[in-house]
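All ligand and atom numbering here is 1-based and tracks the order in the structure.
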Amino acid sequence: MTEAREDRRSFTHVRALMAHTVEGLIAIRCDGTIRLMNEAAQEMLGLSRSDVVGNPVAALRSPALVQALDEILSSGSCPEGCSVALGVDGRDLRCSIATYEDEEGCGLVVAVHDETELTRVRKRSEAILASTGDGLIVYSADGRITFVNPAAGLLLARDPKELVDTAPDLWSLFGLEPEDRFDPGSQGSQVREVTVEEPTHRIIDVRTDPVIDDHGHYLGFVATLHDVTAEREIGQMKNEFVSTVSHELRTPLTSIKGYVDLILDGEAGEVNEIQTEFLGIVKENSDRLVDLINDLLDISRIESGRIHLKVQPLDVAERIRGAVDTFRAVLEQQDRAITVEVPDGLPRVAGDPDRVGQVLINFISNAIKYSPEGGSIWVRAAEEDGFVRMSVTDEGIGIAEEDMARLFTKFYRVDSKLTREIGGTGLGLSIVKSIIELLGGEVGVTSEAGAGSTFWFTLPQASPDLVRTPTVDGPSQVGGTVLVVDTNTEACDLIQTYLAKQGYDVLVAHDSQTAFELAVAEKPSAITLDVLMDSGDGFDLLRKLKDTPMTAKIPVVVLSIICDEGKSQRMGATGYLEKPIDRDRLVEIIEDIVGEVASPLVMVVDDDRRINDLICNTLKSKGFAVVAAYDGREAMVAVRHRSPDLVLLDLRMPVMDGYEVLAELKSDEATHDIPVVIMTAYRLDQTKADILRLAADQIAKPIDEGELVQRIAEAVAHAPERQV
Ligand code: ADP
């Protein structure tokens, strides 16, 4: 075969190839004449080969293409990736231009793509993105904005066109400070709530998702902006509504519950059997209502973030015992038992004692409620790396797999004939979950329909830095004057009746002016104050009492139907009670406070709780107020808080021993004059004799009651006059 024939043949091949590609192809010699044009190119550009081949590029007719080719031909250089967009007969074409070289010299190749379909899809996608209600901002991998839809423009009060092709930090668009920003691209999907004030106040959930292609390459990220202002406002309104209604319900309930209790106690004359039964039903149902309202209030507090948790180290066994004890009567009635399995030496957990009690009580009460056939109940606790896990197991109706996931959501109840008969609101478990999660733990359940359930929760172990603030306990025999301040006369009468029954003299005031005058004139031992009085805010009165030297030292117990504990404490209240008032707690608080005011306060520091309890009880029965601390550090915190008249100190203790406590007390001017009586069962460490000399007295263990009381009384009497 000759070379010429060979060439012709390969050229025929090329022609055949070009004729069958869907891409349009044009070859141009370097002198500007068109050498080749395939069928696809003719069809797309609407030209025939005879009009074009052998003619200059002007024959291609499309001005943009002709101009680009002329420029390249005259400059002799073709920039890489050079392409021209054309609209021909309603079609979108893209012409990519490249150079070639062969033995005949150099030239240009134009590849023509029909992008009509691609453009249509792109425009449609853009139209969809533009019309979504949520804002969208697309970032490329190198941190530039490539797309902003109108909704995002509106939310940010920026023109989308101006933002495209700039490279601002996403969070700077929302005015976030640099320290609050994070790189949205590198952290997977994230949602963050941000607030913008311009052009109007808006709360926006910003969700960022990385964009990854089929090959796993990171292409950038997309931020979705969802306006949640209305939802948040409705949520807040709902919370306010629930809390207002609940408070309004609490006031009449206080009277219903209180007076029924009094009638049942025989305060209004003898009650016959049938009356007792009927009143029992009233009491039971008003208790249920109180529980329901408390649940609703808890939910609204949790959702509005107003819940006040008092985190301190907790003894798990003690909490469990306390919770189980509240069911003693029910268990006796139903003739069933709760088995408590708590190993010795469990570490203490960090939690709010009342709230943890509430969680345990909720689980135990459900275990009883949802085991209608009876059966045993176990309450267990165990250490679990860094946490303590507590669980309540029953042999009751159990829970089916499909219900398990939703149990801890608000208002969810398993829908069955049995649960409908049992009754409930479905709020308990959702409150439990929120409380435990706020405390840094987890909740969960394992169960099987018909085969009982185990509900569990964990709490983090208390760090050694978490120190309990011990409370003061008053002596057992008391009496004194209490001023009751409440605009609601029925509530006043009720408190008066409760306290008078305990032997207190009660003064009553229905407005803050009278209350203040009585406080100044009568110097009561304690004041109970409803802070939501109609005549001006009760907190104003509290402030005035605390700011006036003559009344500043009178302990005030705040009674409230809203959650004001934190505020009350900050403003100097000594105690806090929620309405409807629990009579026993009221009496207990007043007893402690009045006893504390009238009696010398002794702090007993001993890590052995049995001995500590014993000493405290002995001292209380002899008219001392006491405060118990279980290690040296607790003692130091409590001393600063409570200024005791005397410290009774054990020497051998964990964490901070008695020698250290003694040395620290004596080296601080504020605590220097507090007499310290040390007690010890062992020979004293004479190497520390100089520290021991600082103590007022020593007493040997085992302690003789009579001697203890006498020594303490003497030490208190001889103590230097102190400014408290
Ligand atoms: P309530 O008991 O008022 O309905 P909870 O939030 O305490 O509300 O419980 C939600 C639901 O979980 C209950 O209605 C019940 O269906 C189910 N449940 C809770 N505890 C148990 C249990 N120990 N055994 C079986 N089902 C339970």
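- Close approach of ligand 1 to G398 (heavy-atom distance below 4.0 Å) involves ligand atoms 25 (C).
- Contact annotation: for F363 versus ligand 1, there are no heavy atoms closer than 4.0 Å.
- Under the 4.5 Å side-chain criterion, counting only non-hydrogen atoms from C-beta, S430 is not in contact with F408.
- Here the heavy atom of the protein found nearest to atom 23 (N) of ligand 1 is D394 OD2, 2.8 Å.
- A distance-only check finds no donor-acceptor pair linking the side chain of T487 to the backbone of H510 [under 3.5 Å].
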### Query
Please walk me through it: do E267 and R583 pass salt bridge (charged side-chain N to carboxylate O under 4.0 Å, His left out)?
CA-CA 14 Å; E267 292 295 315; R583 175 178 39 177; over 6 Å; no

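- For G396, the closest heavy-atom approach to ligand 1 does not fall below 4.0 Å.
- The salt bridge (Lys or Arg N to Asp or Glu O under 4.0 Å) test applied to R413 returns no partner, not counting sequence neighbours.
- Between the side chain of T458 and the main chain of E442, a donor-acceptor pair closer than 3.5 Å is present.
- Contact between F408 and ligand 1 is absent, with no heavy atom of the residue lying under 4.0 Å from the ligand.
- Remark: D209 engages R207 in a salt bridge, criterion side-chain N to carboxylate O under 4.0 Å.
- With salt bridges taken as basic N to acidic carboxylate O contacts below 4.0 Å, none links R288 and D291.
- Between the choices I399, N362, I422, L427, the shortest heavy-atom distance to atom 26 (N) of ligand 1 belongs to I399.
- Regarding atom 4 (O) of ligand 1, its nearest protein heavy-atom neighbour is R413 NE, 2.5 Å.
- Shown in contact with T419 at under 4.0 Å from a heavy atom are these atoms of ligand 1, numbered in order with element: 16 (O).
- Checking only distances, G426 does come within under 3.5 Å of ligand 1, N or O to N or O.
- If you number the atoms of ligand 1 from 1 as listed, the ones under 4.0 Å from a heavy atom of G424 come out as 3 (O), 4 (O).
- With hydrogens left out, the protein atom closest to atom 17 (C) of ligand 1 is L407 CD2, 3.8 Å, a heavy atom.
- Take D415 and apply the salt bridge (Lys or Arg N to Asp or Glu O under 4.0 Å) test, not counting sequence neighbours, and it matches R420.
- When side chains are defined from C-beta on, L346 does not count as touching M390, because their heavy atoms never get closer than 4.5 Å.
- At a 4.0 Å heavy-atom cut-off, ligand 1 touches T425 through backbone and side chain alike.
- Inter-residue side-chain proximity for L407 and K433 is flagged as unmet; no heavy-atom pair is nearer than 4.5 Å.
- Summary of contacts: the protein heavy atom closest to atom 19 (C) of ligand 1 is N366 ND2, 3.5 Å.
- Close contacts between ligand 1 and Y412 involve ligand atoms 10 (C), 11 (C) [criterion: under 4.0 Å to a heavy atom].
- For atom 2 (O) of ligand 1, the closest non-hydrogen atom of the protein is Y370 OH, 2.7 Å.
- Residue K369 approaches ligand 1 through these ligand atoms, each under 4.0 Å from one of its heavy atoms: 1 (P), 2 (O), 3 (O).
- Taking every heavy atom of L429 and a limit of under 4.0 angstrom, the matching atoms of ligand 1 come to 5 (P), 6 (O), 7 (O), 9 (O), 10 (C), 12 (O), 19 (C).
- Electrostatic pairing of R321 and D315 does not count as a salt bridge here, judged by no charged N lying under 4.0 Å from a carboxylate O.
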